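Let me begin by presenting the structure, written as structure tokens, before commenting on it.
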Amino acid sequence: MKHTRIRSFNTKATYPEQNLDNDLCQAVVARGSTVFLRGQIGQNLETSESVCIGDAAGQAEQAMANIAMLLKEAGGELEHVCKITIYLIDPRYREAVYRVVGRWLKGVFPVSTGIVVSALARPEWLVEIDATAVIPD
């Protein structure tokens, strides 16, 4: 791991009633260049086209692909993610979206916050994910 992760855990043990397998932690200690990523949604960054209309997991997949691409462009990688925030417009999307995010961040152990909101910037967007990463010196 690139940074010190404090009290790492997997959601399988913490939330056994849910079908999740996410590697998270309670705190991250990091040194380096901080990268703040804008909230990513189900939108192709090259064309600005919304994708996976009506499919929260598909939109999460696109959001995570965007995060990976932006981190690469910034000189980093997904291992450098320290904090993610997941915004959902419906709590019923939680498991599907968290499974996608968990797959992309397997072994990373970021801190994570999940929030249910009444709406996002466009009515077709079901999920938004923002991330903060620290690229080590």
Side-chain angles (χ1 to χ4, degrees):
M1 281 183 255
K2 300 289 184 182
H3 304 298
T4 302
R5 312 292 172 148
I6 297 171
R7 294 185 183 238
S8 298
F9 66 96
N10 184 284
T11 54
K12 253 194 282 191
T14 308
Y15 307 107
E17 73 282 2
Q18 299 175 7
N19 185 22
L20 299 175
D21 182 16
N22 294 48
D23 292 333
L24 300 174
C25 71
Q26 297 296 335
V28 176
V29 179
R31 287 201 164 109
S33 299
T34 304
V35 180
F36 299 95
L37 297 179
R38 182 175 187 265
Q40 296 300 306
I41 36 67
Q43 184 179 53
N44 181 309
L45 290 179
E46 303 302 327
T47 65
S48 298
E49 175 189 0
S50 291
V51 298
C52 303
I53 305 300
D55 177 7
Q59 289 184 17
E61 191 74 41
Q62 180 67 53
M64 291 305 299
N66 292 351
I67 288 169
M69 180 173 57
L70 291 166
L71 282 175
K72 184 176 181 183
E73 290 175 13
E77 54 194 67
L78 288 173
E79 272 189 333
H80 300 143
V81 171
C82 296
K83 169 87 169 96
I84 61 167
T85 305
I86 302 170
Y87 304 87
L88 301 171
I89 65 157
D90 189 321
R92 292 174 291 189
Y93 299 146
R94 183 175 183 271
E95 284 193 37
V97 168
Y98 279 48
R99 278 194 293 273
V100 170
V101 173
R103 192 176 69 255
W104 279 86
L105 297 177
K106 193 71 180 161
V108 175
F109 296 93
V111 296
S112 174
T113 300
I115 302 170
V116 177
V117 297
S118 60
L120 296 170
R122 288 192 178 165
E124 68 268 24
W125 294 341
L126 307 175
V127 59
E128 184 167 340
I129 304 168
D130 69 40
T132 302
V134 179
I135 301 170
D137 292 330

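Residue numbers run from 1 in the order of the sequence given. Bear in mind the structure is a predicted one, so any value in this text is a computation, not a measurement.
For Arg31, there are no salt bridge (charged side-chain N to carboxylate O under 4.0 Å, His left out) partners two or more places apart in sequence or in a different chain. Evaluation of the side-chain hydrogen bond (donor to acceptor under 3.5 Å, both in side chains) rule for Asn19 yields no partner, not counting sequence neighbours. By the salt bridge (charged side-chain N to carboxylate O under 4.0 Å, His left out) test, Glu77 is found to be paired with no residue, residues two or more places apart in sequence or in another chain being considered. Applying the salt bridge (charged side-chain N to carboxylate O under 4.0 Å, His left out) test to Arg7 and every residue at least two apart in sequence or in another chain returns nothing. Residues meeting the side-chain hydrogen bond (donor to acceptor under 3.5 Å, both in side chains) test with Glu128, sequence neighbours left out: none. Residues forming a salt bridge (charged side-chain N to carboxylate O under 4.0 Å, His left out) with Asp130 (at least two apart in sequence, or on another chain): none. In this structure Thr113 satisfies the side-chain contact (heavy atoms from CB on, under 4.5 Å) test together with Lys83, Thr85, Ile115, sequence neighbours excluded.
Taking Ile, Leu, Val, Met, Phe, Trp and Tyr as hydrophobic and joining them when side-chain heavy atoms fall under 4.5 Å apart, one finds Ile6 in a cluster with Val29. Using a 4.5 Å cut-off between side-chain heavy atoms of Ile, Leu, Val, Met, Phe, Trp and Tyr, Leu24 falls into a hydrophobic cluster with Phe9. Here Val116 sits alone; no ILVMFWY side chain lies under 4.5 Å from its own, so it joins no hydrophobic cluster.
Scanning all heavy atoms of the two residues, the minimum distance from Ser33 to Asp137 falls at N-OD1, 4.1 Å. Nearest approach of Arg122 to Ser48, heavy atoms of both residues: NH1-O, 4.3 Å. Annotation for Gly32 and Val134: closest pair N-CG1, 3.6 Å, computed over non-hydrogen atoms. Shown here for Ala56 and Tyr93, the closest heavy-atom pair between the two residues is CB-CG, 3.6 Å. Nearest approach of Cys82 to Arg5, heavy atoms of both residues: CA-NH1, 4.1 Å.
Hydrophobic clustering (side-chain heavy atoms under 4.5 Å, transitive across Ile, Leu, Val, Met, Phe, Trp, Tyr) keeps Val51 apart from Val127. Under the 4.5 Å side-chain contact rule for hydrophobic residues, Val111 and Phe109 do not share a cluster. Placement of Tyr87 and Leu70 within a single hydrophobic cluster is found when ILVMFWY residues are connected by side-chain heavy-atom separations under 4.5 Å, directly or transitively. Linking Ile, Leu, Val, Met, Phe, Trp and Tyr whenever their side-chain heavy atoms come within less than 4.5 Å leaves Phe36 and Val28 in two separate clusters.
In this structure, the side chains of Val108 and Asp23 stay at 4.5 Å or more apart for every pair of heavy atoms.
Taken to the nearest 0.5 Å, the CD1 atom of Ile53 stands 9.5 Å off from the CH2 atom of Trp125. Rounding to the nearest 0.5 angstrom, the gap separating the CD atom in Glu95 from the CG atom in Asn22 is 10.0 Å. Atom-to-atom distance recorded for Tyr98:OH and Leu105:CG is 12.0 Å, nearest 0.5 angstrom. Expressed to the nearest 0.5 Å, how far CD1 of Ile41 lies from CG of Asn44 amounts to 10.0 Å.
Considering Ile129, Leu71, Ile84, Val81 as possible partners of Leu37, the one that fulfils the side chain to side chain contact (heavy atoms under 4.5 Å, CB included) test is Leu71.
Other residues, nucleotides and ligands place more than 12 heavy atoms under 6.0 Å from the NZ atom of Lys106.
Within the structure, salt bridge (Lys or Arg N to Asp or Glu O under 4.0 Å) pairs that include any residue of residues 46-56 do not occur (at least two apart or interchain).
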Trace of the salt bridge (Lys or Arg N to Asp or Glu O under 4.0 Å) decision for Arg99 with Asp21: CA-CA 7 Å; Arg99 278 194 293 273; Asp21 182 16; over 6 Å; no
What side-chain donor-acceptor pairs closer than 3.5 Å can you find for residues 57-69, not counting sequence neighbours?
| residue | atom | partner | partner atom | Å |
| --- | --- | --- | --- | --- |
| Gln59 | OE1 | Leu126 | N | 2.7 |
| Gln59 | NE2 | Cys52 | O | 3.2 |
| Gln59 | NE2 | Glu124 | O | 2.9 |
| Glu61 | OE1 | Arg103 | NH2 | 2.3 |
| Glu61 | OE2 | Arg103 | NH2 | 3.0 |
| Glu61 | OE2 | Trp104 | NE1 | 2.8 |
| Gln62 | NE2 | Asn66 | OD1 | 2.8 |
| Asn66 | ND2 | Gln40 | OE1 | 3.2 |
| Asn66 | ND2 | Gln43 | O | 2.9 |

